[in-house]
Amino acid sequence: MIDVVVIGAGINGLTAATMLARAGLAVEVVEARPVLGGMAAREPIADGYLAPVGIYETTGVRPWMLNAVGIALSPELPRLHGSGGVVVDLAQRRVEGVDPTDAAAFEDLVELVTRIGPLFWRLMDHPPIDPVASGWRSLWAAARVGLSARRLGFEALRELLRAAPMPLADFLDERFESNALKGLLAAEALKYRFAGAKSPTTALDLLAALVYQSAGIVPACRLLERLVAAAKHHELRVRCGVRVSSVNFDGSRATGVTLSDGMRIEARSVLSTVHPRQTLCELISPRYLPAALRDDLRAWRSQGSTARLDLVLAQPLRDNAGRPLSRFALSDNLSELERAYDQGKHRQSTLEQLVLTGQQFDLDGGFADRGHDAHVVCLTVQHVPSDRVVDENALRAAVRQRLSAIDANLAQHLRAERFTSVAALAQGFALDGGQFEHGELSLDQQYFMRPQIRCASYRAPLRGLYLGGNGSHPGRGFNGAAGALAANAMLADR
Amino acid sequence: MTATTRYDAIIVGGGHNGLVCAAYLAGAGRKVLLLERRHLLGGAAVTEEHLAGFKYSACSYVVSLLRPEIIHDLELAKHGLSIIPLACSFTPDLSGPGLVRWPDFARTHDEISRLSRRDADRYPEFGKAMGKMGDFIRPLLMQPAPDPTRLPRRLGESLSLLRRLRKLGPRGLAQFVQLMTQSAVDLLDRWFESDRLKAPMACSGIIGTFLGVRSPTTAYVLLHHYMGEIDGAYRAWGFARGGTGAISEAIASAARARGAEILCEAAVEKITTRRGSARGVVLEDGREFEARVVISACDPRRTFFSFVGRDQLDDDFVAQITRYRYRGSSGKVNLALDRLPDFSCRPGRGLHLQGDIAIAPSIDYLERAYDEAKHGAFSRRPYINLVIPSLTDPTVAPPGKHVMSAFVQYAPYQLAEGPAAWDQQREAFGDTVVETLEEYCPGLKDAILHRQVLTPLDLEREYGLTEGNIFHGELSLEQLLFMRPTMGWARYQTPIQNLWLCASGAHPGGGLMGAPGALCARRLLEEHYL
Amino acid sequence: MLLPTPVHSRTFAACRSFRFKDWGGYLAVAAYDPSSEVEYYAVRHGCGLFDVSPLRKYDISGPDAGAFLSYLTVRDVAKLAVGRVSYLCWCNDDGQLIDDGTVTRIDAEHYRLTATLPGLHWVDDRASGFNVTVSDVTDRLVALALQGPQARGLLEQLGELNKLRFFRSRAVRLAGLDCYLTRTGYTGDLGYEIWADAADGPALWDALLAAGAAFGLRPAGLEALDICRIEAGFVLNGIDYRSALQCHTAAQSSTPYECGLGWAVDLEREPFVGQAALRKRRGEERLFGVVADWPAIEALFRLQGLPPTIPSAASREGVPLYDGDGCQIGRVTSRTWSPQLKQYIGIAAAPQAHAVPGTRLQMEFTVEYQRRQVPVTVTELPFFDPPRKRSR
């Protein structure tokens, strides 16, 4: 009998498991894939080259999370390249390649992001407040959120309240002239989301993305490496390559899990970091959950439209000044981005518009084993319908075509390529629809609604079962926050 | 006339809200003058005759949201108001018999059963759930918007809202959040499986907005329209006898009976101010009037930028009103018909023609209509909401003839070529509508005696609806409640002292509701501003 | 628009009173003759034939069918042997009643569930996660209830019954038609329900009526059924309780305990929908019978100078129930004059303290627009339970 079984050894699972182990609990992690890391795990692209199949960057990695698992990392503030020579530099808090009015407007935006930062972190670093709970503890939590909101001042609060339900396109049109800048910001904000810039409530995504990126970016592989090292240090027991087939109950609480090979692991608690619908509807017999909760979970939206492409290049992609690019987003304007969304929405199999965001990694990023000298570029491709057969070759060609705007000779440098479709992502990582974050981060699926109003506190409505995947709050940034907060919830219950 | 007459209140604009406000103020014994630019009262709630004997409800064509307390307070029935309920809601189809939703359960159940038995069984529950949410929202429509940002001054209002929210319980609260933020399709997907049922239901979520049925936040608009219904039946949607203008006439008559003075063809040019305080108006013909308060029944942009002037306002407020979004998305086509249209999916003159008829064959159809508009063109296959009021109210057409009113979406004010291009595209737009209808009722084209096409540009020019928005500004979440028209000025007052807003650009927003007019008057009177 | 049942051509032709009712969206005869009394007596003395086709019928099949029904309903249906029928009800998470009906195990992996009101979506939604298919077979089947002491004799003439026992079922051939027979009913009398292909409905109806002449058979409508079911103490969804799917508030709903269906709830087993809530609410028995003091009713009429009149049909309008101090403590949801018992009886609900047999309470009774109260005595349900109902 151990203390906790953690389902899933992704960033959330490893974070939670390490925290629990550090608290002195006997923890075992079960991972269905043969390697640790979940979506952040690197897999070979071509001989000698590795890159993550799923996520390649994490944002919003907060000091308290690093402390909780006992690792040290310094997130970097990104420089983000767009089309037409536009560069957003968050370290310098400015934008290059636009006219002075836009540059000033961008500074105002950064200022707004700085103002609202504390409120965001108050919301993101803590479990969601329970709007129907009573008792001083939840009232206190709500009051602290209220105080953070008050501290914004009238204008910032007005901007935030107004922005939250707004379409991103309107938010950007009010501020900027440059199409390239708008396209760049929108592509960055809506990465992984199945929404267009004209969809209401997307302005909030930009604010959230900027707040998260202002906290710095850490390559997913690096965070994973440190987490694995920390896990090893705490002698965490990990079982890879075997699925959990059910979570067991004795009528009153969770008693462990049964694995697909028939083995049972007895444990006092179970912490699941997989998709909430998988945890609650597939690993558990319907008998143990309220019928209404199952109905609500069925309506959980996690339809993905983001595919991944990884390239191995002999020569790095360079910007106009000849410096190697790091992060970039290719979307010339909002209307192009919107058309890309339309084709995903109507599930077209021929794709005319693509929104690309990506990051180029240099060699010390750990993407190549022996003395290889190439560069790896990880890309997200939007919006690719998940349930349609899309001609992969045509899609690759279209991406290459799009990238040739940066490097006309891309084809000559290209050594290897790996495309991962939405369906492949969905299947490989049990994403149930293909959404990277285990559920669309729309307003109705966030905060105390994530994944459902009755289990947003990381506690499933069954004693001893905890939900610590991205389907739980905050679910953004792939930084392990959900796992960490779930581990805290479990520790608080002991 | 000289400037010597001094009124208690001058109301600029004789739309239904202006009239309601005038009637309430006059009823409280105040000396009220209402000024209307056009020759007839009603604003967008008018009846017009373009071909002898055919009366169009030119813009607004059905009524559901008109607050019962207003009907009662102003004794509108005594002043000639008579609302005839719609018989049903009919969605024709190109293949199959279409769908008719009736007020009575068994009949609707039978209709929906043909699409899906499950959906049929669940349908009444949906009505019940929406009714429950409506009960929660409805009180908000008849009180000034609680403003949580004004704590602790408005603590009481916010706390009572919070208490009511908590009383919904976890599931009710989740439903409330979903209603406020989800798309109409997301909401309906939870309930129903049949596309042909969901499509006409989703339409309520896009009426008057520049959003698609899959755009988040349209679920709220759906509820907003659902509130006109009782338990999911269409009993409360109806035609005003004599066309929508009859409502305005009834309110005007009530206002006059209470002593309000009403001037038509009196176009206001300027609202005059002295030391940041409104003191009266100047008309285009030079006449001047003074009053203790000036109340604008026009939309915020027209009020502040055309009548008051940017120079009278501080920069921040100008910026807020500039950002206030209109973006009209709908047009109107009114037809005078030689004979009754015959729908091929349900031929003959049945009761189904006496309801509202929605051309909304599928969710994708509606979404594609939006996609075209989003990129700057009117929908080639639009969503159309039709009514044939002459079947229910024979006074609006000569015997044997009919009028048909078609509300069409999307017709974006902002065409790719700019709004002025509407003058060239007006007839093409009208043709598109007629051709779309012709697919469903062959022979309609030949029966048309007269056609009135109102593009968003026409709505702006003729009816003073800025950018052709029928609600005086989008009913989007960031422009609702305490943020309508802008945060800090959502309680009918404005930064100009003694200048008030009483129309759809103020809480609770658009629709033939009358609530902003009544609420504005109530605040003026109860808080002794007047 | 009300839908016709499979035997509409026959029931419509036989209905001389032109009194119909809406039963779940179907056109159902209230009474064939202007007075339903003959129909009632046919059921109690000869036999009555009811068209119960509007009952919702769901076929549930698949390897998990038994497990699913045990999860959906309050009974452990998986334990039911093939050929057996069970009466049960189902609730939501909060233990609030949704509907009641019978379930028949037709085959090892094939059950048939009947329900009073439309609610396919509820049953179907619950099925996710179980290896079953739920299909609504309401329109594919005709359902005829043959009820009354002579029912057995009549059926034996048409086919081989093999002594079908109470709450058992079997496939039979009746008058050359393939039928499925259950020994169940809603009258509290000896009776059978016959389920057959909708297309065979009219032929079956004709065959039963032709053979029935010798057994005192009459077609009977809902009014007669209502009197019978009140005598038998059966609750009716929509009258004696309200389905949770139709309630606006929790106060409008009832638990099975409150509806006298507590006996059907099997709590100590694998979790099922509403189990946790029902555990907490066990013991809230509220349903009982009341018998009105007839002389007191007569006195009320006499007060107005009127002769006492007996209403011919049951009343479905609830009336308040008061204790001796005149405080309202409950309600009488269904009441009728029982022609068999010669008593005015009702199905009532009130807190348990008042539900003790023999307790004297007051029921509201209106004569000539004057609201009065008459004394009633609490009794156990059913009012009428003849041994022939269960006899072998």
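Convention: sequence-line order gives letters A, B, ...; per-chain numbering from 1. If you're wondering where the values come from, they're calculated on a predicted model, not measured in any experiment.
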Would A:Ser302 and A:His438 count as a side-chain hydrogen bond (donor to acceptor under 3.5 Å, both in side chains) if you check the C-alpha gap in whole Å, the side-chain angles of each, and the deciding distance to 0.1 Å? CA-CA 6 Å; A:Ser302 62; A:His438 291 187; over 6 Å; no
Which value, rounded to the nearest 0.5 Å, describes the distance between B:Tyr220 atom OH and B:Leu179 atom CG? 10.0 Å
When only pairs under 4.5 Å are counted, which of B:Thr486, B:Leu162, B:Leu477 shares the most heavy-atom pairs with chain A? B:Leu477
Contact leader toward chain B among A:Ala195, A:Ala292, A:Ala163, A:Ala169, where contacts are heavy-atom pairs under 4.5 Å: A:Ala292
With rounding to the nearest 0.5 Å, note down the distance linking OG in B:Ser329 to CZ in B:Phe471. 8.5 Å
So which of A:Glu155, A:Arg298, A:Glu174 has the largest heavy-atom pair count under 4.5 angstrom toward chain B? A:Glu174
Between B:Asp371 and B:Lys374, is there a side-chain N and carboxylate O pair less than 4.0 Å apart? yes
One option among B:Leu165, B:Leu211, B:Asp189, B:Asp316 has the most heavy-atom pairs under 4.5 Å with chain A, and it is B:Asp316
Using non-hydrogen atoms and a 4.5 Å limit, figure out which bit of A:Glu159 sits close to chain B: side chain, backbone, both or neither. side chain
Less than 4.5 Å to any heavy atom of chain A: does that hold for the side chain of B:Arg163, its backbone, both, or neither? neither
Contact origin within A:Arg301 toward chain B - heavy atom pairs under 4.5 Å: side chain
Could you have a look at B:Pro216, B:Gly212, B:Gly376 and say which one has the most heavy-atom pairs with chain A under 4.5 angstrom? B:Pro216
Chain B shares the most heavy-atom pairs under 4.5 Å, among A:Pro167, A:Ser442, A:Pro200, with A:Pro200
Would you list the atom pairs, donor with acceptor, under 3.5 Å between side chains in residues 166-175 of chain B and any protein atom, with sequence neighbours excluded?
| from | atom 1 | to | atom 2 | distance (Å) |
| --- | --- | --- | --- | --- |
| B:Arg166 | NH1 | A:Pro131 | O | 3.3 |
| B:Arg166 | NH1 | A:Ala133 | O | 2.8 |
| B:Arg166 | NH2 | A:Ala133 | O | 3.3 |
| B:Arg171 | NE | A:Asp296 | OD2 | 3.0 |
| B:Arg171 | NH2 | A:Asp296 | OD1 | 2.8 |

Taking atom CG of B:Leu222 and atom CE of B:Met201, what is their separation to the nearest 0.5 Å? 7.0 Å
So which of B:Arg323, B:Arg190, B:Gln178 has the biggest tally of heavy-atom pairs under 4.5 Å with chain A? B:Arg323
Cation-pi between B:Arg310 and B:Phe305: NZ/CZ under 6.0 Å from ring centre and within 45° of the ring axis? yes
Do you see a donor-acceptor pair shorter than 3.5 Å between the side chains of A:Thr202 and A:Asp205? no
Using 30° and 60° as the class boundaries, would you call the ring planes of B:Trp489 and B:Phe317 parallel, tilted or perpendicular? perpendicular
B:Ser116 and B:Glu193: side chain donor to acceptor below 3.5 Å: yes
Donor on one side chain, acceptor on other, A:Asp342 and B:His375, under 3.5 Å: yes
Do A:Arg158 and A:Phe154 form a cation-pi contact, if we require the NZ or CZ to be under 6.0 Å from the six-membered ring centre and within 45 degrees of the ring's axis? no
Counting heavy-atom pairs closer than 4.5 Å to chain A, which one of B:Met483, B:Gln182, B:Arg368 comes out on top? B:Arg368
Among residues 445-460 of chain A, which ones touch chain B with a heavy-atom distance under 4.5 Å? A:Phe448, A:Met449, A:Ile453, A:Arg454
Using non-hydrogen atoms and a 4.5 Å limit, figure out which bit of A:Arg347 sits close to chain B: side chain, backbone, both or neither. neither
Proximity breakdown for B:Phe176 and chain A, heavy-atom pairs closer than 4.5 Å: neither
